[in-house]
Structures are given as C-alpha cells and as structure tokens.
Number of protein chains: 2
Amino acid sequence: MPTAFERHDHSACSHAALVRADELAAARGLRLTPVRRRVLEILLERHRALGAYEVLERLSAEGLGKQPPVAYRALDFLVENGLAHRVQRLNAFAACQSDHSDGHAPAFLICRVCQNVEEMDAATLRSALGSQADALGFEVERLTIEALGRCAGCAAEE
Amino acid sequence: MPTAFERHDHSACSHAALVRADELAAARGLRLTPVRRRVLEILLERHRALGAYEVLERLSAEGLGKQPPVAYRALDFLVENGLAHRVQRLNAFAACQSDHSDGHAPAFLICRVCQNVEEMDAATLRSALGSQADALGFEVERLTIEALGRCAGCAAEE
DNA sequence: AATGGGAATGTTACATCATAACATGCCGAC
DNA sequence: GTCGGCATGTTATGATGTAACATTCCCATT
Ligand SMILES: [Zn+2]
Ligand SMILES: [Zn+2]
Ligand SMILES: [Zn+2]
Ligand SMILES: [Zn+2]
C-alpha cells in the first residue's frame with residue numbers, strides 16, 4: 001500500500017475501504033444508513049482529516065442534513081465502529097484507511113503542509129507504553145499517538 | 001517523586017515547579033509577569049488539567065483579567081516555554097511537573113476517574129516512533145502521546 | 001526630563017467546535 | 001395495527017479559541 005503522502009490511485013483506497021465497511025456492517029449487523037455511508041465516502045475522498053462542519057457543509061449541499069448533530073452523529077457512529085478516527089490535534093475526522101478490520105488504534109502522521117494523514121501501526125508503541133504505565137499501576141484504556149511534521153513530498157518542495 | 005495519582009505532599013511539587021520556573025526565567029530572560037506566574041500557580045494547585053476558561057474564572061475572581069485572550073496568552077506563554085503542557089484529549093492545560101528543565105515532550109497518563117494527569121518520560125517511544133516514521137520519509141516535529149485510563153487508586157475503589 | 005519602541009495587557013467582536021433536549025419519522029416484531 | 005427502538009430533524013445553547021486593534025508599561029536612548 002502506498003502511503004497517504006505518495007501519489008497513488010486513490011480510488012483504490014477509497015473503494016477498498018467502502019468494501020470493508022460493507023463487510024463489517026454485514027458481519028456485525030450495523031446499519032450503514034445513507035447519511036452514515038455518505039459521510040464515510042466524503043471522508044474517503046482524500047487522505048485529509050475533515051472537521052465536522054466541513055462534512056456538514058457537504059451533507060447540506062446534498063440535502064442530507066443541515067444541523068451539526070447530523071454530522072456529529074454520523075461521525076460518532078463511524079468512529080465507534082472503527083470506520084473512522086478522530087484526530088485530536090486537528091479536531092477533525094479521517095476515514096480509516098487501514099485494512100485491520102477491527103479494534104486497531106493506530107498512530108497518526110499528520111503533514112502540516114499538505115495536511116494529509118497517514119495511519120501507522122502502533123502495536124509496538126502501545127505495548128511499550130503499556131508496560132511503562134503498568135509499572136505505575138495505570139491501566140491504559142485509550143491511547144492517542146499523533147505526530148505532526150512534514151512528509152517527504154512536502155520536504156522536497158521546500 | 002510520587003506520581004500524580006498517589007497521595008503526597010503536593011506543596012512540595014508545586015514549590016519545586018515554581019522554583020524551576022523562576023530559575024528558567026532568570027536563565028533565559030523570560031518575563032514571568034504577575035498574570036503568567038499566577039496562571040502557573042493555579043495550574044500547579046493540583047495534578048488536574050484545567051480548561052482555559054477555568055483558569056480565566058480564577059483570574060477574573062482575582063482581578064487579573066476578564067477576557068479569554070488574557071488566559072490564552074498566559075497559557076501559550078507557559079506552553080511555549082515548557083512550563084506547562086497542553087492536553088489535547090481534554091482541551092486543557094497542565095503545569096509541567098517534571099524536572100527536565102528543557103525541551104522534553106512527555107507522554108501523559110490521564111485518569112478518567114480522578115482526572116489527574118501524570119507525565120511519563122517518552123524518550124524511548126519517541127525514538128521508536130521516529131524510526132518508523134523515518135522509514136516512510138516523514139519528519140516528526142511534534143509528538144503527542146496521551147493515554148486515557150484508570151489509575152491504581154481509582155481502580156482499587158471501584 | 002522628554003521621546004520612542006517593544007512587549008504585555010485590555011477589550012471588542014467573532015469564529016469554530018460540540019452537545020442537550022425534544023420532536024418526528026421509519027420499520028420490523030408481536 | 002400498534003408498539004418500541006433506532007435514526008433523523010430541529011432548536012437552542014454551551015464550550016473552546018482567535019483576529020484585530022487600543023492602551024499601558026517599561027526601559028533605553030536622547
Ligand atoms: Zn489513497
Ligand atoms: Zn505533506
Ligand atoms: Zn503533587
Ligand atoms: Zn484516578
């Protein structure tokens with residue numbers, strides 16, 4: 001798989017993610033309603049993270065809902081079911097582009113120039129942090145790892 | 001040093017941090033003005049992170065400023081100079097309680113029950129993530145590592 | 001002492017992000 | 001057919017964050 005920062009046939013990313021979403025919905029009996037599916041498609045258009053209000057604008061233009069709760073509810077649904085992630089640093093949301101079907105909690109690389117977001121496997125980091133935390137008696141439930149920086153392409157251009 | 005989650009003589013934490021702040025200000029010619037110093041003291045009262053508006057309320061009660069920019073400017077100053085950290089998951093700020101004098105970027109353990117925030121050294125994690133990112137040509141500039149979970153004390157009570 | 005420049009603070013007004021609460025519509029189970 | 005659960009629609013408000021400009025303070029220079 002190419003990274004989010006490379007030029008690539010993005011329709012393949014997008015299509016694969018939608019297929020995974022449909023499979024997941026079927027397997028778990030989730031209701032991937034028109035609004036929810038459309039929000040996922042919108043997020044999948046790029047590797048950028050979108051703010052809830054950016055998503056809402058798109059929905060609104062398509063007659064799928066004009067008020068913030070519509071966007072937030074769909075986004076929350078996607079996040080809860082692992083189809084999208086919240087990027088804390090940006091107060092924004094990105095579709096999950098990884099092929100782990102379930103329960104993964106990746107690290108994110110965020111390019112501050114092109115704004116693309118790449119998911120990176122964080123299993124090693126998770127377990128390293130987990131044992132450090134264990135030593136302090138702390139039980140980790142959710143882990144956020146986000147790196148802000150510059151991707152190779154943007155570094156080359158500057 | 002006790003962790004933020006243990007019972008301890010917190011005035012020692014607080015006092016030590018203020019001494020470090022004064023030393024840093026002297027060494028780097030920073031202007032630790034009344035508002036800035038007071039904000040640091042307020043953050044240091046507990047190991048909790050405070051929202052900007054919580055800080056502002058306190059300032060306002062003391063006649064040190066009634067408008068959001070007052071709080072945000074002081075907080076930004078503290079963060080830029082390593083005297084406080086921003087906790088992304090909480091949209092909140094915590095005084096730096098570590099004795100690293102400079103440029104450290106710790107991982108945070110956030111107890112969702114008692115709300116205390118503990119800093120943990122993240123040097124190992126940083127370098128591990130750094131090399132994973134390097135392999136993708138990504139240059140990390142800022143790294144956020146935040147674990148949400150439950151501290152030993154709160155686990156014992158539940 | 002006056003002057004002037006830079007940093008900090010004061011203030012207004014607004015931008016952006018997020019959710020509570022309640023009304024309405026949809027659909028399948030009984 | 002109607003009841004109950006879930007999704008959606010709508011209103012209103014809460015919470016977080018910043019742009020822009022006015023004012024004050026301090027201190028170095030004249
Ligand atoms: Zn792609
Ligand atoms: Zn880039
Ligand atoms: Zn303490
Ligand atoms: Zn706790």
Side-chain angles (χ1 to χ4, degrees), chain A residues 21 25-26 28-40 42-43 48-81 83-94 110 112 115 117 144 146 148, chain B residues 21 25-26 28-40 42-43 48-81 83-94 110 115 144 146 148:
Chain A
R28 299 220 292 234
L30 302 178
R31 299 180 54 182
L32 200 51
T33 62
V35 180
R36 291 169 176 176
R37 194 166 204 283
R38 188 68 192 117
V39 169
L40 181 56
I42 290 168
L43 291 182
R48 266 192 60 211
L50 295 186
Y53 280 72
E54 292 180 88
V55 171
L56 181 58
E57 258 178 51
R58 297 287 307 277
L59 290 179
S60 175
E62 299 174 14
L64 284 173
K66 303 196 210 310
Q67 296 75 28
V70 174
Y72 280 101
R73 288 196 282 231
L75 289 166
D76 289 346
F77 170 87
L78 295 174
V79 169
E80 271 166 25
N81 291 286
L83 296 170
H85 301 289
R86 180 178 190 123
V87 183
Q88 305 280 349
R89 277 202 86 102
L90 305 176
N91 292 328
F93 301 83
I110 306 162
R112 66 169 163 72
Q115 314 237 23
V117 172
T144 303
E146 296 178 355
L148 190 65
Chain B
R28 300 220 294 234
L30 301 178
R31 298 181 52 185
L32 200 53
T33 62
V35 180
R36 292 169 176 176
R37 192 165 205 283
R38 189 67 192 118
V39 169
L40 180 57
I42 290 168
L43 291 182
R48 267 193 59 211
L50 294 187
Y53 281 73
E54 290 180 271
V55 171
L56 181 57
E57 256 178 54
R58 297 287 307 275
L59 290 179
S60 176
E62 300 174 13
L64 285 173
K66 305 194 207 310
Q67 296 74 27
V70 174
Y72 279 102
R73 287 196 284 232
L75 290 166
D76 288 347
F77 170 87
L78 295 174
V79 169
E80 272 166 26
N81 291 287
L83 297 170
H85 302 288
R86 178 173 194 129
V87 183
Q88 305 280 349
R89 277 201 85 102
L90 304 176
N91 291 327
F93 301 83
I110 306 161
Q115 315 237 14
T144 303
E146 296 176 358
L148 191 66

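Letters A, B, ... are given to chains in the order of the sequence lines, protein chains preceding strands, and every chain is numbered from 1.
Counting all heavy atoms, side chain and backbone alike, B:Phe93 lies closest to B:Arg86 at CZ-NH1, 3.5 Å. B:Leu43 and B:Ala84 get closest at one heavy-atom pair: CD1-CB, 4.0 Å. Nearest heavy-atom pair across B:Ala52 and B:Ala71 is O-CB, 3.7 Å. Considering all non-hydrogen atoms of both residues, A:Leu40 and A:Leu83 come closest at CD1-O, 3.7 Å.
In the 5' to 3' direction, nucleotides of DNA chain D lying under 4.0 Å from heavy atoms of chain A begin and end at D:dC6 to D:dT11.
Side chain of A:Arg36 to main chain of A:Arg31: a donor-acceptor pair is present (N/O by atom type, distance under 3.5 Å, no hydrogens or angles). A donor-acceptor distance shorter than 3.5 angstrom exists from the side chain of B:Glu146 to the backbone of B:Arg89, with no hydrogens or angles considered.
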* **CA sep, side-chain torsions, deciding dist, call: A:Val39, A:Leu64, side-chain contact (heavy atoms from CB on, under 4.5 Å)** => CA-CA 10 Å; A:Val39 169; A:Leu64 284 173; over 6 Å; no

N/O-N/O pairs, protein side and nucleotides 4-10 of chain C side, under 3.5 Å:
| from | atom 1 | to | atom 2 | distance (Å) |
| --- | --- | --- | --- | --- |
| C:dA8 | OP1 | B:Arg36 | NH1 | 3.2 |
| C:dA8 | O5' | B:Arg36 | NH2 | 3.4 |
| C:dT9 | OP1 | B:Thr33 | OG1 | 2.8 |
| C:dG10 | N7 | B:Arg73 | NH2 | 2.6 |
| C:dG10 | O6 | B:Arg73 | NH1 | 3.1 |

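With sequence neighbours left out, the side chain to side chain donor-acceptor pair (under 3.5 Å) criterion links B:Arg73 to no other residue. Considering only residues two or more places apart in sequence or on other chains, B:Arg37 meets the salt bridge (Lys or Arg N to Asp or Glu O under 4.0 Å) condition with B:Asp22, B:Glu41.
The stretch residues 83-93 of chain B touches DNA chain D through B:Arg86, B:Asn91, each having a heavy atom within less than 4.0 Å of the strand.
Pairs engaging residues 53-71 of chain B under the side chain to side chain donor-acceptor pair (under 3.5 Å) rule: B:Arg38-B:Glu62, B:Glu45-B:Arg58, B:Arg48-B:Glu54 [sequence neighbours left out].
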